[in-house]
Amino acid sequence: MKKRLRIFFKILGGVILLIVLIGLSGWWYINSTFLSFEKDYDVKNEIKQLNINGYSFLDRNGNGRLDIYEDDRKSIDERVEDLLSQMTLEEKIHILKGSGMSSSLGIGNTAIPGAVGTIVPTPRLGIPTIYLSDGPAGLRIKPKRKGEDRTYYCTAFPIATLLSSTWNTDLVNKVGVAMGTEAKEYGIDVILGPGVNIHRHPLCGRNFEYYSEDPVLTGFIGAAMVNGIESKGIGTSVKHFVANNQETDRNFNDVIVSDRAMREIYLKGFEIIVKKSQPWTIMSSYNKVNGSYVPEKKDLLTDILREEWKYEGLVMSDWFGGYNAPHMIAAGNDLLEPGTNKQWKALRKAAKNGTLSEKEINISARRILKLIIQSQKMKNYVYNNNPNLTVHAKISRQLATEGMVLLKNTQTLPLSDSQNIALLGITSYDFIAGGTGSGDVNEAYTVSLEEGLRNAGYIINEKAKQIFEEHKANHKEEFKKNKGLKSVIFPYLPPKITYTEKELKEIVASSDLGIITIGRNSGEGGDRVEKDDFLLSDKEQSMINNVCEAFQTAGKKVIVVLNIGGVIETASWKSKPDAILLAWQSGQEGGNSVVDVLKGKVNPSGRLPMTFPINLKDHASNANFPLDGESIDFIKLAFASREEKPEDKKIKNKDYTNYEEGIYVGYRHFDKAKLEVSYPFGYGLSYTTFDYSDLNVILQNDTIKVMITVTNSGSQAGKEVVQVYTSKVDSKIDRPVKELKTFIKTKNLQSDESITVMLSIPVSELSYWSENDSKWELEKGTYQIQVGSSSRDIKLSENIEIVQ
Ligand code: BGC
């Protein structure tokens, strides 16, 4: 017996030892390969003050003198050069990579839990840690910290797609200011956004983080956001540069795309943003373009970005993006995030053996130091950890109302007061504020549609509510929403509900009106699918059919609210409800904002930043897009080889995606192919109507000036979005039928009020990218300037001649 026990314990001991060894070597592999876990460092307390002629400076390196880099009266460039000259090669290499995920995990005395990355400090010279945090819809830091009672919630602003639906650059700028302020007061130096990839296909899981299918709308809105955030002395990271238009295999996918489509569609938005707002940073994307990883592509990161566009900021990698660290630095990807030990070693080795020159290291180090010198940390700004979340919530509510798009309204909206409203569909009660993954925000609350209606004095139908509560109690698991990484692995799909004939009868009899909310959710790491996502599920279809029939037979109306992050199919059911409001995922105040619009407190003025097609396959890109919605495979990500696969082993739309449609993305394709759509690009209704008159187009030097008068011809005050498209008449080359060149949103026009707006288009913007000559080419001849309220509702047009 004893012997048996001894053998048992020996085996047990062996097994435990084996597990420990495997664990340790696994940890060693992960630590040496992926992480670097350097502690953040608070340099502030050790720095002495220098008083010179009544001015107070910080003696960062403690040498008792005022060095140029310490002197904030000197130019940034002078300070950078001085600082660079005082750094050792080791120190310069060190700042090229972040400190791993230590800050996010709260390691280090100044760590900001949830901040996903850093620029490492250089304590010897008193250079502080710089903190980077996601993302496009608001900051993503952890709301709770160990051992503290208080919370660190952030404002969940509406998703990027709603922002672009406002077509209001001033308002987006204001949101940027609010986001910048929030970052500043939480000690964050750079916000990892905005996301400006083009909506190439409706199923990209991250479209909600991006603005539009059109590069001009993307560029104008993106620049307004960058300028807003950066006006607070906080940096942005415009992402993901470039052609990251699918989540499926995003870390390996090779985008095969023509130069023309790159220039006119995928690069264009970035180009506008760089020229209008010089962002502090740009984030390179994971994917390859035409055979090589973007973070290692000098033609994109240096030749185009820096030399052609004169970009002055730094480029950072997407998290763990890129493959060969020295190649990344040499290509112009200056900062490796979040930074790994493997990269650090590779950089030191390359510097030692001369494959990466000190000159190349200096170029990147200089750009990083420039950001550090400009940062709030370098100013020793004392952040209060108390941004005014109440004020920001108000901005979020206002913004959300302005980006909602009224798709249909047959004399139903605005609502009259104090009605009994039956809320149908789960998301009416469980409203979705935003998407998942790094585009998520840890907000304190989300106002549901139910709460929004109650806040505005409406009565919520008890019967419909009771059915919802019972459903929730019986399906608890379906209602669980994960955050962060968990949400990528276990995404939340809004649960579905159905109503029996008897239930509907009771609901209709006891209410004045029905509102059905259709919810969708998606996020980083996976693409959406057609079935039950782009298309309504059978349950949703029958809910719409049955609810509409029951209410309408009783002479009562039904409104559908779309609480979604990306395009869904609408053509098959849109005739049924009396009104449809596209509310998007409208941030933490969502329910209040929807009600502001339904009630007519705000007249809807949102316009679609993308086309709503009849069928998915109508999109030219559908022939080359992963349609099976696979989500990220972390094992593959960690261990798969980045070496080129043999051609015959490559899988279409995973290992590579052919952008065969070229420039024909979104309305450019639908218009050219003369396809019917459900709702066109730029579309959106109002509670009033607008007349367009007195179009006047003149050519002044190198600019086309477009003047037009807009009159509110209806009975309610409202804002109109004036959209200017151009079309080359008798073009010798293959060109889109029309392309958006500029737009403006009017002020709130009172009934009968007119305004004359003036818009400018640089003549060079009429150019197309010539593949033959590898440059922008301006065709001479006639161009039609079309002014309208959507891409398919051109009100007036005029021709101009371009000679030269
Ligand atoms: C995302 C980025 C994000 C980064 C840090 C990446 O997975 O693609 O958009 O900023 O993580 O969270």
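Because only heavy atoms are used, hydrogens play no part in the values below, and waters and symmetry mates are left out as well, while side chains stay in. Remember, it's 1-based here, ligands and their atoms both numbered in the order they're listed.
- K645 has no carboxylate O lying under 4.0 Å from a charged side-chain N of D249, or vice versa, which leaves the two without a salt bridge.
- In the displayed structure, K144 atom NZ is contacted under 6.0 Å by at most 12 heavy atoms of other residues, nucleotides or ligands.
- Residues of the protein with a heavy atom under 4.0 Å from ligand 1 are V116, D134, R140, L192, R206, K239, H240, R250, M283, Y286, D318, W319, S438, E524, listed by chain and number.
- A salt bridge between E661 and R200 is present, with a side-chain N of the basic residue lying under 4.0 Å from a carboxylate O of the acidic one.
- A salt bridge is absent between K232 and E185; no separation between the charged side-chain nitrogens and carboxylate oxygens falls under 4.0 Å.
- In this structure, the separation between CG on D334 and CD1 on I95 is 10.0 Å, given to the nearest 0.5 Å.
- Sorted by first and then second residue, the salt bridge (Lys or Arg N to Asp or Glu O under 4.0 Å) pairs with a member in residues 238-248 read D134-K239, E247-R250; sequence neighbours excluded.
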